[in-house]
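So the structure is just underneath, and the comments pick up after that.
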Protein chains: 2
Amino acid sequence: MKLEIAARQLEALGNPTRLRVYRALVRAGADGLPVGRLQARIGIAASTLSHHLKRLVEAGLVTRERQATTLLCRAHYPTMNALIGFLADECCADAGCARDGEDSAA
Amino acid sequence: MKLEIAARQLEALGNPTRLRVYRALVRAGADGLPVGRLQARIGIAASTLSHHLKRLVEAGLVTRERQATTLLCRAHYPTMNALIGFLADECCADAGCARDGEDSAA
DNA sequence: CGCATATTTCGATTCATGTCGAAATAAACT
DNA sequence: AGTTTATTTCGACATGAATCGAAATATGCG
């Protein structure tokens with residue numbers, strides 16, 4: 001059922017707004033970014049951002065952590081690495097990758 | 001506007017059925033797979049598969065080519081490579097990737 | 001030309017998504 | 001305790017997605 005999980009993560013990233021959010025978090029690096037900052041930067045309603053953030057968190061791509069009065073969000077790199085691994089592995093990656101039948105039990 | 005494109009491709013892969021379809025095509029390798037084969041393998045209605053296939057094609061992840069009476073589908077690797085590149089680049093990838101501020105013009 | 005096979009398009013249905021504003025909750029400060 | 005700031009949850013709405021079966025289209029064969 002690994003495929004289901006990968007699909008869920010891909011879906012989470014497969015929305016322009018969420019991808020923008022996620023990218024902003026990645027760029028923010030280890031320090032993360034408070035929700036409010038994100039909102040100002042991306043320019044959407046707070047409730048909408050919260051909704052998207054929740055989906056990213058549920059997909060394991062982002063972590064949220066209370067930091068006094070604000071909620072600090074951070075990109076969770078291991079998940080992204082695993083996802084890229086899945087794509088590269090299950091779904092090809094390297095230039096060559098023209099492996100014919102492999103385990104495709106016809 | 002590259003982000004929009006990446007989001008579109010991620011969304012295309014972000015559905016379990018489509019991801020299954022795509023993976024089947026990748027596994028089929030350079031020979032590709034006719035639609036009918038895919039349908040039998042995945043077990044969904046032909047119309048549903050056609051719909052999903054269309055989305056994968058529109059996202060540039062799959063190519064379709066008439067082969068006499070059947071339509072041969074193939075995974076289009078360059079797109080996947082570019083997508084992985086985008087994720088690795090814009091959205092982190094390598095294990096380390098704890099680059100703090102970089103261009104995050106806070 | 002008409003039939004058989006392969007695939008898509010159409011129409012319908014059901015459910016999920018993206019979005020917002022307003023109200024509720026959480027945490028800190030006075 | 002009350003106020004302010006930060007964020008989420010709620011309710012609503014419009015739009016899009018996923019799915020199917022049936023009908024339409026395309027290709028090759030006899």
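Within every chain, numbering begins at 1; the chains are lettered A, B, ... in the order of the sequence lines, protein sequences first and strands thereafter. Not measured: the values here are computed from a predicted model.
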Would you indicate what [X] reaches in the nucleic acid, counting non-hydrogen atoms under 4.0 angstrom: base, sugar-phosphate, or nothing?
X        : answer
Gln67(A) : nothing
Ala46(A) : base
Ala68(B) : sugar-phosphate

When the distance from [atom1] of [X] to [atom2] of [N] is rounded to whole Å, what number comes out?
X        : N       : atom1 : atom2 : value
Gln39(B) : dA6(C)  : CD    : C1'   : 10 Å
His51(B) : dA17(D) : NE2   : C1'   : 6 Å
Leu56(A) : dG18(C) : CG    : P     : 10 Å
Lys54(B) : dG16(D) : NZ    : P     : 14 Å
Ile44(A) : dC20(C) : CD1   : C1'   : 11 Å
Glu4(A)  : dA18(D) : CD    : P     : 14 Å
Leu49(A) : dC20(C) : CG    : P     : 10 Å
Leu38(B) : dT7(C)  : CG    : P     : 9 Å

inquiry  = Closer than 3.5 angstrom, by distance alone: can the side chain of Glu65(B) be matched with the main-chain N or O of Cys73(B) as a donor-acceptor pair?
reply    = no

Options [options], nucleotide nearest the side-chain atoms of [X]:
X        : options                  : answer
Val35(A) : dT8(D), dT19(C), dC20(D) : dT8(D)
Arg55(A) : dC20(D), dT8(C), dG18(C) : dG18(C)
Asn15(A) : dT9(C), dT19(C), dT9(D)  : dT19(C)

ask   = Is Arg18(B) salt-bridged to Glu11(A), cutoff N-O under 4.0 Å?
value = no

Any side-chain N or O of [X] below 4.0 angstrom from OP1/OP2 of [N]?
X        : N       : result
Arg66(A) : dA26(C) : no
Thr69(B) : dT27(D) : no
Arg37(A) : dA6(D)  : no
Arg18(B) : dA18(D) : yes
Thr17(B) : dA18(D) : no
Arg64(A) : dT8(D)  : yes

Closest approach of Leu38(A) to Leu25(A) (non-hydrogen atoms, all atoms of both residues) = CD1-CD2, 3.7 Å

request  = To the nearest 0.5 Å, tell me how far Thr17(A) OG1 sits from His52(A) NE2.
outcome  = 4.5 Å

5' priority, DNA chain C, between Thr48(B) and His52(A) [closest heavy atom] = Thr48(B)

message = What I'd like to find out is whether the side chain of Leu72(B) reaches to under 4.5 Å of the side chain of Asp31(B), using heavy atoms alone.
response = no

query = Does a side-chain heavy-atom distance below 4.5 Å link Thr63(A) with His76(A)?
reply = yes

message = Does Ser47(B) contact dG21(D) through a side-chain donor or acceptor facing the base, at a distance under 3.5 Å?
response = yes

